[in-house]
A.B. asks: 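Pasting a structure below so you can have a look.
Chain letters run A, B, ... following the sequence lines, proteins first, then strands; residues in each count from 1.
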There are 4 protein chains.
Amino acid sequence: MDTRLKPRKTPVQGRSKATCDAVLEAAARILVEEGRSALTTNRIAERAGVSVGSLYQYFPGKEAIVAELIREMRRDMVVLLRRAVDAAATQAFRPAVGTLLAATLDHHTARPELARALEREEEDLPIDMETQVLKAELRGLIAGFLRERGVADAERCAFDLVAMCHGMASAAVRAGQDDTEGLKARLERAVLGYLGRPE
Amino acid sequence: MDTRLKPRKTPVQGRSKATCDAVLEAAARILVEEGRSALTTNRIAERAGVSVGSLYQYFPGKEAIVAELIREMRRDMVVLLRRAVDAAATQAFRPAVGTLLAATLDHHTARPELARALEREEEDLPIDMETQVLKAELRGLIAGFLRERGVADAERCAFDLVAMCHGMASAAVRAGQDDTEGLKARLERAVLGYLGRPE
Amino acid sequence: MDTRLKPRKTPVQGRSKATCDAVLEAAARILVEEGRSALTTNRIAERAGVSVGSLYQYFPGKEAIVAELIREMRRDMVVLLRRAVDAAATQAFRPAVGTLLAATLDHHTARPELARALEREEEDLPIDMETQVLKAELRGLIAGFLRERGVADAERCAFDLVAMCHGMASAAVRAGQDDTEGLKARLERAVLGYLGRPE
Amino acid sequence: MDTRLKPRKTPVQGRSKATCDAVLEAAARILVEEGRSALTTNRIAERAGVSVGSLYQYFPGKEAIVAELIREMRRDMVVLLRRAVDAAATQAFRPAVGTLLAATLDHHTARPELARALEREEEDLPIDMETQVLKAELRGLIAGFLRERGVADAERCAFDLVAMCHGMASAAVRAGQDDTEGLKARLERAVLGYLGRPE
DNA sequence: TATGAATGAGTGTTCATTCAT
DNA sequence: TATGAATGAACACTCATTCAT
């Protein structure tokens, strides 16, 4: 079942790679600019400047394209967060939280609507293994950080914090707010408050 | 444009009302039990025990049905929250927050998956006026409560708190957690923390 | 699995029946006049003077239409053959064989190319239960007749005779021969010869 | 029109020949093992270990490949039957018929499903000249044999006998019977019976 | 000459919506 | 007013065939 969500071939070079990327990028753009209901295979191919046939050469179906976009997003997040966790290791608690939040927001900042759209799609898709692992890793990184800092029930806290930030960031994007700094400040307040460390 | 999201007639009594309700209830059930992709007009009519023709007599289209469900949900929330705000008026801050949260969760508790599904649909639908007003009212009630209690920047806070609770509650439902009490406790912590009043 | 080969509804009256029949008849005509490769759902609908949507209201797919045509054919054959077996009961062996053959050919005579086309299609389709039963019944009727007349290994003989007649009749139709009488005479010779009763 | 069914080049030696053969063999295997619906040019190339481009270098299209397989089959049959007719020349009638039947079955015995599959395909394809000639030759050989033995209306008899044997052999293969000896015996009975020479 | 990426017309199928009964 | 048969645009997806490399 997993194969329906995986690319057919993952070409490493040349024209193939270009086509493959064009398809993914087109899908992303459509999702953001035209909405999920406009995300048809024909439209994707059109915007990618590619034929439908080519699209199907690389992906077994529409869902696989979206799934791949999600995977890319999660992979990026893992990289960013891992880096942030490392950087935070030597910091005091408050600035460390800031570092982590900044990393999380970085991702939302780059293409906020895309992130939101993909997170939405994720809910409708059957969760494939890799995505599941990536999400677990994200929570794991945060939980690890919290545990290290002596926070009790780190797993649960990580879960709640992720959900909380997701909710607030989504709402902000949705409302068209683009004051990332302000958002970050408020998230910091929320997180530290939740953790009982508003000092 | 708004008329596409409104019922054709809002019959207050008799067989008409029954048909109308049957349609709405059928749509709700399908959304929860069979998923959004199963939500077709024919299926709705079938589960409602009504002909498609009748369905179109009361609703101009599929979206109008969903929009009406959303409106119902928001109306319910307004009622619950207004009542809670009244009840909270005489309470100390902490218990007052608890009262408000309880009201908010009440709604999620009754039909959690439906609430989540509708909130998802809401994002895809063009926002009709009434829903917009209802949502503004919800935030207004909370903002009013906060202002009364001397919280600065009450509007913004209300916005964030709603988003925060929405995020955490959704994630909990999604993860299959059904420990409402626990959830409420964590939300309380988050809210009070955010407000800088963890006393 | 069987449901993919069965009609969706078998409407007994009115417009429905007419549409259903029009679809079947159109498919039969296309198969005969335009060939199997022209048998597309859109073409069927077009020739039936009906929309594709209607077609799918009555049949779950293209295969189901063909399967139904086959079933109709087999049902007809069973009726004809049963009647012939009854009529042959009181006849001497030679004329009795003639009666059975006449019945078999009757069917081919009515719409020879259709019969041939359907028999071809039958080989590509997963065999559904009813068709299987009908075919068994056909062979059973012949085997019963043979057994009654003291023919040894009646089952096997029935199998061979059916295959033999099928082969010869098909070839004749294919070659465009339309001398049914002559064909019948030759089949008789073949059958009686095979049975070792050329008297 | 005929050129669409002929190979582009018929290379007699070297790598070309190998490629050509690989394509034909791949097509044959697919037809037998995966069914006619799996017979796509891409799949053929894949199983042949060759690129689609190469496939089209040797054959103008898919049909040409199948047509060539059919021609090969018919050529084989002509060779076998010619040899058998020669061998039968000095035999008495009964054993002579046996010799001819054995030759015919030889062909079916080697790759029964392939023979059946190709005979099926043959019916869908426009008949190209060479195949027509080959089939005429087959009937001619049999008719010649019969005429020599004083059988009246030898042409017609040859036609019927071929059809008869084809029908019975096909049915046997289809039913999964693999008792070639038994089948031969029954065919003999049928043929001799038809010819009125059961002695 | 061989490759295989690219093409796009064509196929099966669905579903929101209409309208004759 | 209620029905449900009919509609057909739109969608996902395939595959024979071409052509730049």
Side-chain angles (χ1 to χ4, degrees), chain A residues 9 11 14-20 22 37-46 48-65, chain B residues 9 11 14-16 19 37-46 50-65, chain C residues 9 11 14-20 22 37-46 48-65, chain D residues 9 11 14-16 19 37-46 50-65:
Chain A
K9 358 178 178 172
R15 217 172 6 155
S16 304
K17 182 65 164 51
T19 301
C20 201
S37 69
L39 195 76
T40 71
T41 47
N42 285 295
R43 184 83 189 97
I44 295 174
E46 188 181 84
V50 149
S51 69
V52 223
S54 288
L55 183 155
Y56 278 95
Q57 201 127 56
Y58 296 103
F59 299 95
K62 189 175 57 157
E63 304 210 321
I65 299 173
Chain B
K9 6 181 171 172
R15 205 157 34 133
S16 303
T19 300
S37 69
L39 194 76
T40 72
T41 47
N42 283 291
R43 183 86 187 96
I44 295 174
E46 187 183 315
V50 154
S51 69
V52 224
S54 291
L55 183 155
Y56 275 92
Q57 200 117 59
Y58 294 104
F59 299 94
K62 188 172 66 156
E63 305 211 320
I65 299 172
Chain C
K9 0 176 174 174
R15 220 175 1 155
S16 304
K17 183 65 165 50
T19 300
C20 199
S37 69
L39 195 75
T40 70
T41 46
N42 284 293
R43 183 83 188 99
I44 294 174
E46 186 181 86
V50 150
S51 69
V52 226
S54 288
L55 183 155
Y56 277 94
Q57 201 126 57
Y58 296 104
F59 300 94
K62 188 173 59 157
E63 305 211 320
I65 298 173
Chain D
K9 5 180 170 174
R15 205 157 37 133
S16 301
T19 300
S37 69
L39 195 76
T40 71
T41 46
N42 284 291
R43 183 87 187 94
I44 295 174
E46 186 184 316
V50 153
S51 71
V52 225
S54 291
L55 183 154
Y56 275 91
Q57 199 118 60
Y58 294 104
F59 299 94
K62 187 172 67 155
E63 304 210 321
I65 299 173

A.B. asks: Measuring from C:I44:CD1 to C:L55:CG, what's the distance to the nearest 0.5 Å?
C.D. replies: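 These two atoms lie 6.0 Å from each other.
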A.B. asks: Let me have a per-nucleotide readout for nucleotides 1-10 of chain F, 5' to 3', with B, S or -, counting only protein heavy atoms under 4.0 Å.
C.D. replies: SBBBBBBB--
A.B. asks: Just the rounded figure in Å: distance from P of F:dT17 to CD1 of D:I44.
C.D. replies: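 Going from CD1 in D:I44 over to P in F:dT17 covers 11 Å.
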A.B. asks: Rounding to a whole Å, what distance do you find between A:Y56:OH and E:dA9:P?
C.D. replies: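 For the pair A:Y56 OH and E:dA9 P, the rounded distance is 16 Å.
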A.B. asks: Which residues satisfy the side chain to side chain contact (heavy atoms under 4.5 Å, CB included) test with B:S51, sequence neighbours excluded?
C.D. replies: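 Here the qualifying residues are B:S54.
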A.B. asks: For DNA chain E, please output the secondary structure as dot-bracket, reading 5' to 3'. Pairs are Watson-Crick or G-U wobble, both atom distances under 3.5 Å; mark crossing pairs with [ ], other-strand partners with |, unpaired with a dot.
C.D. replies: .||||||||||||||||||||
A.B. asks: Once salt bridge (charged side-chain N to carboxylate O under 4.0 Å, His left out) is applied, do any residues pair with B:E63, and if so which ones, sequence neighbours excluded?
C.D. replies: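 Expected list: none.
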A.B. asks: What integer distance in Å separates B:F59:CZ from E:dA16:P?
C.D. replies: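 Answer to the nearest Å: 15 Å.
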A.B. asks: Mind calculating the distance between CG (D:L39) and C1' (F:dA16) to the nearest angstrom?
C.D. replies: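 The distance from CG of D:L39 to C1' of F:dA16 comes to 12 Å, rounded to the nearest Å.
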A.B. asks: Starting at CD of C:E46, measure out to OG1 of C:T40 and round the result to the nearest 0.5 Å.
C.D. replies: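 Here the interatomic distance stands at 8.0 Å.
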A.B. asks: Taking for each residue the nucleotide of DNA chain F bearing the nearest heavy atom, is the 5' side occupied by D:G61 or by A:E63?
C.D. replies: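 The residue whose closest nucleotide sits nearer the 5' end is A:E63.
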A.B. asks: Figure out the NZ/C1' separation between B:K62 and E:dC15, and round it to whole Å.
C.D. replies: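 Distance check: B:K62 NZ to E:dC15 C1' gives 8 Å.
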A.B. asks: Go through the structure and list residues passing side chain to side chain contact (heavy atoms under 4.5 Å, CB included) with A:A64, not counting sequence neighbours.
C.D. replies: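 Residues passing side chain to side chain contact (heavy atoms under 4.5 Å, CB included) with A:A64: A:F59, A:P60.
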A.B. asks: Under a plain distance cut-off of 3.5 Å, with no hydrogens placed, do C:T19 and C:Y58 share a side-chain donor-acceptor pair?
C.D. replies: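 On atom types as modelled, these side chains do not qualify, holding no pair under 3.5 Å.
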A.B. asks: Which pair of non-hydrogen atoms, one from A:K62 and one from A:T41, has the smallest distance, and what is that distance?
C.D. replies: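 In terms of heavy atoms, the two residues are closest at CB-CG2, 3.9 Å.
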